[in-house]
Structures are given as structure tokens and as C-alpha cells.
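Have a look at the structure below, then the notes.
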Amino acid sequence: YSAKAHRNEFSSYEPEMNRGAQDRLRLESDLRRAIDEEQFALAYQPLVNLNSGKVVGVEALVRWHHPKRGLLPPGEFIPLTEENGLILQLGEWVLGAACRQNKAWQDSGLPPMMMSVNLSMRQFRQQQLAERIKEILEQSGMPPQYLELEITESMTSDVEFAAETLSSLKELGVQISIDDFGTGYSSLVSLKRFPIDKLKIDRSFVNDLAQGGSDAAIIQTITTMAKTLKLKVTAEGVENDEQIQLLRERNCEEAQGYYYTRPIPANLFENWFRHRSQTA
Ligand code: C2E
Ligand code: MG
Ligand code: MG
Ligand code: MG
């Protein structure tokens with residue numbers, strides 16, 4: 001979104017600039033209300049083990065049911081909440097809702113599953129993040145070992161701070177994964193310094209996997225080094241059989257993507273899961 005902000009800032013067309021600024025203000029006040037009125041919902045997308053075929057977890061992805069504009073994907077409002085700080089409140093709502101859902105599923109007899117939640121940079125930098133998450137876990141009754149926090153490579157650029165923050169999170173007993181892996185600047189070697197559990201290979205490397213370019217080699221390199229570093233690996237954005245096959249051959253253990261299902265509301269996920277268990 002920085003490119004877009006840049007464009008607005010230097011646009012020579014004033015009316016357009018004003019419209020952009022007004023839209024932004026409107027969206028910002030809508031967001032404040034949305035948090036109070038709980039217009040947000042979570043969609044869930046499964047992570048599947050490629051050897052056993054078992055669903056090992058789900059990722060919680062936030063959506064906004066905007067009263068006028070309909071269902072908005074996170075790309076249309078998360079960047080703004082990161083800029084104005086509302087992400088702290090929204091992020092806490094997401095964490096709470098995801099943990100409560102996981103607990104409800106476990107109580108209803110579904111097998112235990114990991115619950116992955118995305119953290120934003122601003123949350124990661126928040127004072128007392130670990131304490132807040134601890135409270136949220138306690139309030140929900142979800143055992144900490146089922147929570148997986150997704151961070152991005154960019155959050156590890158301040159190495160000292162990241163190492164300290166991550167170890168305070170690990171002390172809670174949660175799992176840590178690096179999301180969109182391969183798109184940032186961190187080397188696998190630098191990751192050795194952090195207490196992380198998993199790499200999620202960015203979907204850009206999975207997209208053209210069957211086209212025979214360099215992506216297969218990149219994925220092979222990631223899975224080989226991840227094994228050495230004792231990290232799990234999930235491939236994101238898997239859409240077809242061919243990709244699944246190639247990922248298996250490259251010893252990637254988990255996959256997530258439209259191939260299984262798009263992110264769906266909790267009740268639809270339950271149906272999907274039960275149907276899958278019956279037919280598998
Ligand atoms: P992400 O964490 O990398 O999540 C995966 C995104 O890829 C999701 O987009 C998902 O719908 C999409 N996806 C999954 N499988 C496929 C596939 O097979 N093909 C394609 N083309 N796309 C696939 P979504 O839900 O729009 O979320 C976009 C991003 O917004 C997320 O990327 C995450 O970085 C952010 N986000 C979502 N929810 C939250 C949240 O609660 N908090 C924060 N801080 N960020 C969030
Ligand atoms: Mg993610
Ligand atoms: Mg993410
Ligand atoms: Mg990702």
C-alpha cells in the first residue's frame with residue numbers, strides 16, 4: 001500500500017486527491033464504529049498434512065461486513081488499521097475470537113487442531129504483547145499449544161527486539177511461524193537466531209511450480225534447510241493436484257490453499273471437515 005500512498009501524496013489532480021483523503025477519513029470512522037459494533041468475522045482455511053491427509057490446523061483470516069460496502073477482504077482495511085493504530089484493538093478481537101472458536105470446536109468433539117493467527121507489525125511492537133495474549137488465552141480456555149502466531153520476515157529486521165519478543169511469546173507455550181516466507185530479506189541462517197517453529201512458503205513460489213522454472217529448486221532449498229533447522233514447512237496458495245504432487249516430491253509436509261477450500265465461515269468449515277472425514 002505504500003506505492004498507493006505515494007501516488008496520492010504527489011498526485012497533481014487535486015479533486016482526486018481530495019476524494020482519496022475523504023474516502024480514507026470515511027473508512028477510518030467506519031472502522032472505529034465497526035470495532036464497537038463487531039462488524040468483523042473470521043474465515044477459516046485448513047492446513048493439511050501432505051503425508052497423512054489430515055487437517056492439522058486452520059488459519060483465521062479476518063473479514064469486514066461493511067454495512068454499505070458489503071464483505072471487505074483484509075487487504076482493503078488492515079493497512080489503514082496498521083497506520084492509525086486500530087489494529088491493536090482489531091488484533092485483540094481476532095485473537096479472542098479465534099481462540100474461542102478453537103475451544104468451541106474442541107469442546108464439540110472435533111479433533112484438536114492448531115489455530116493460526118496473523119500478527120501485524122504494530123501488534124508485534126506493542127508493549128506487553130505476551131501478557132495480552134496470555135490473558136486472551138486464559139479467557140478463552142484454549143490450551144496455548146494450539147495457538148500459532150504468524151509473523152513476517154520484516155518483523156525480524158530488528159534482531160535484538162525480535163529475538164526478545166519471540167522468546168517472551170514462546171514462554172507462553174505458543175507456536176511461531178514465518179508467513180509469506182521467501183518474499184522478505186531474512187536468510188534461513190539468520191532465522192536460526194529466533195525461536196520459530198515453521199516457515200510458510202509464500203504462494204508466489206507455489207503458483208508456477210508446475211511450469212518448470214526455478215521455483216521447484218527454491219522450494220527444495222527451503223525444505224532441505226528447514227529440515228536442518230528443525231522447522232516445519234507449509235506451502236501457501238496450493239490450487240491443483242500437480243502442485244500437491246510436486247510439493248510432496250520436494251518433501252514439503254503441509255499445504256494450504258484453494259485446492260482444499262477457500263477461507264470459509266466457522267459453520268461451513270465444520271461441514272467441510274465432517275464431509276472430508278467421511279469421504280477420506
Ligand atoms: P496471509 O496471512 O498470507 O493469508 C493467506 C491469504 O492467501 C488469504 O488472503 C487467503 O485467502 C489467500 N489464499 C489462500 N489460498 C489461496 C490460493 O490457493 N490462491 C490464492 N490466490 N490465494 C489464496 P486474505 O484472507 O485476503 O488475507 C490477505 C492477508 O491479510 C493475509 O495474508 C494476512 O497477511 C492479512 N490478514 C488476514 N487476516 C488478518 C488478521 O486478522 N490480522 C492481520 N494483522 N492480518 C491479517
Ligand atoms: Mg498468514
Ligand atoms: Mg500474513
Ligand atoms: Mg501468507
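Order of listing sets the numbers, starting from 1, for every ligand and every atom in it. Counting from 1, the numbers follow the sequence of the chain as shown.
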Self-check item: Non-hydrogen side-chain atoms of I218 and I222 separated by less than 4.5 Å
Solution: yes
Practice problem: Could you list which atoms of ligand 1 come closer than 4.0 Å to a heavy atom of P263? | Solution: 11 (O)
Quiz item: Under the criterion side-chain contact (heavy atoms from CB on, under 4.5 Å), which of D179, L149, T165, I176 is the partner of L119?
Solution: L149
Exercise. Report yes if some N/O of R203 lies less than 3.5 Å from some N/O of ligand 1; otherwise report no.
Key: yes
Exercise. State, without any angle test, whether S116 and E148 hold a side-chain donor-acceptor pair at a distance under 3.5 Å.
Key: yes
Exercise. Kindly indicate whether the side chain of I219, heavy atoms from C-beta on, has any atom under 4.5 Å from the side chain of L247.
Key: yes
Quiz item: Where does V117 meet ligand 1, judged by heavy-atom distances below 4.0 Å: at the side chain, the backbone, both, or neither?
Solution: neither
Self-check item: Distance under 6.0 Å and angle within 45° of ring axis: R276 vs F273
Solution: no
Quiz prompt | Atom name in D179, limited to N/O/S, at shortest distance from the Mg ion (ligand 4) | solution = OD1
Quiz item: Any N/O/S atom, backbone or side chain, of E236 lying under 2.8 Å from the Mg ion (ligand 2)?
Solution: no
Quiz item: Which atoms of ligand 1 have any heavy atom of Q45 under 4.0 Å away?
Solution: 14 (C), 15 (N)
Practice problem: Tell me which part of E236 gets within contact of ligand 1: side chain, backbone, both or neither, using heavy atoms under 4.0 Å. | Solution: side chain
Practice problem: Could you tell me whether the side chains of Q145 and Q175 share a donor-acceptor contact shorter than 3.5 Å? | Solution: no
Exercise. Please answer whether the main-chain N or O of V206 pairs with a side-chain N or O of Q243 as donor and acceptor at a distance below 3.5 Å.
Key: yes
Practice problem: Please work out whether any backbone atom (N, CA, C, O) or any side-chain heavy atom from C-beta onward of N118 is under 4.0 Å from ligand 1, and answer side chain, backbone, both or neither. | Solution: both
Practice problem: Find, among atoms of D180 that are N, O or S, the one nearest to the Mg ion (ligand 4), and state its name. | Solution: OD1
Quiz prompt | Stepwise side-chain contact (heavy atoms from CB on, under 4.5 Å) test for D30 and F77 | solution = CA-CA 10 Å; D30 286 355; F77 59 91; over 6 Å; no
Quiz item: With respect to the Mg ion (ligand 2), what is the nearest N, O or S atom of E150?
Solution: OE1
Quiz prompt | Heteroatom test (N, O or S) for N118 near the Mg ion (ligand 2), limit 2.8 Å | solution = yes
Quiz item: Mind checking whether R122 and E83 have side chains closer than 4.5 Å, heavy atoms only?
Solution: no
Quiz item: Just by distance, with hydrogens left out, do T224 and Q220 show a side-chain donor and acceptor under 3.5 Å apart?
Solution: yes
Exercise. Could you tell me whether the side chains of W64 and E76 share a donor-acceptor contact shorter than 3.5 Å?
Key: no
Quiz item: Which atoms of ligand 1 are found less than 4.0 Å from any heavy atom of E239?
Solution: 17 (C), 18 (O), 19 (N), 20 (C), 21 (N)
Quiz item: Within a strict 4.5 Å, meaning less than it, do heavy atoms of the E28 and N84 side chains meet?
Solution: yes
Quiz prompt | Residue selection (non-hydrogen contact nearest atom 1 (P) of ligand 1) among V206, L42, D179, N207 | solution = D179
Practice problem: Have a look at ligand 1 and work out which part of L90, if any, has a heavy atom under 4.0 Å from it: side chain, backbone, both or neither. | Solution: neither
Practice problem: Return yes when E59 approaches ligand 1 closer than 4.0 angstrom through a heavy atom, no otherwise. | Solution: yes
Self-check item: Ligand-residue contact atoms, ligand 1 with V62, heavy atoms, under 4.0 Å
Solution: 38 (N), 39 (C), 40 (C), 41 (O)
Quiz item: Considering distance alone, does some N or O of Y259 sit under 3.5 Å from an N or O of ligand 1?
Solution: no
Quiz prompt | the Mg ion (ligand 2) - name of the N/O/S atom of E59 that sits closest to it | solution = OE2
Quiz item: Is Q256 in contact with ligand 1, taking contact as a heavy-atom separation below 4.0 Å?
Solution: no
Exercise. Taking the side chain as every heavy atom from C-beta outward, state whether R250 and L246 have any pair of such atoms under 4.5 Å apart.
Key: yes
Practice problem: Work out whether the distance between some heavy atom of G91 and some atom of ligand 1 is less than 4.0 Å. | Solution: no
Self-check item: Atoms in ligand 1 flagged as close to G257, the criterion being non-hydrogen separation under 4.0 Å
Solution: 15 (N), 18 (O)
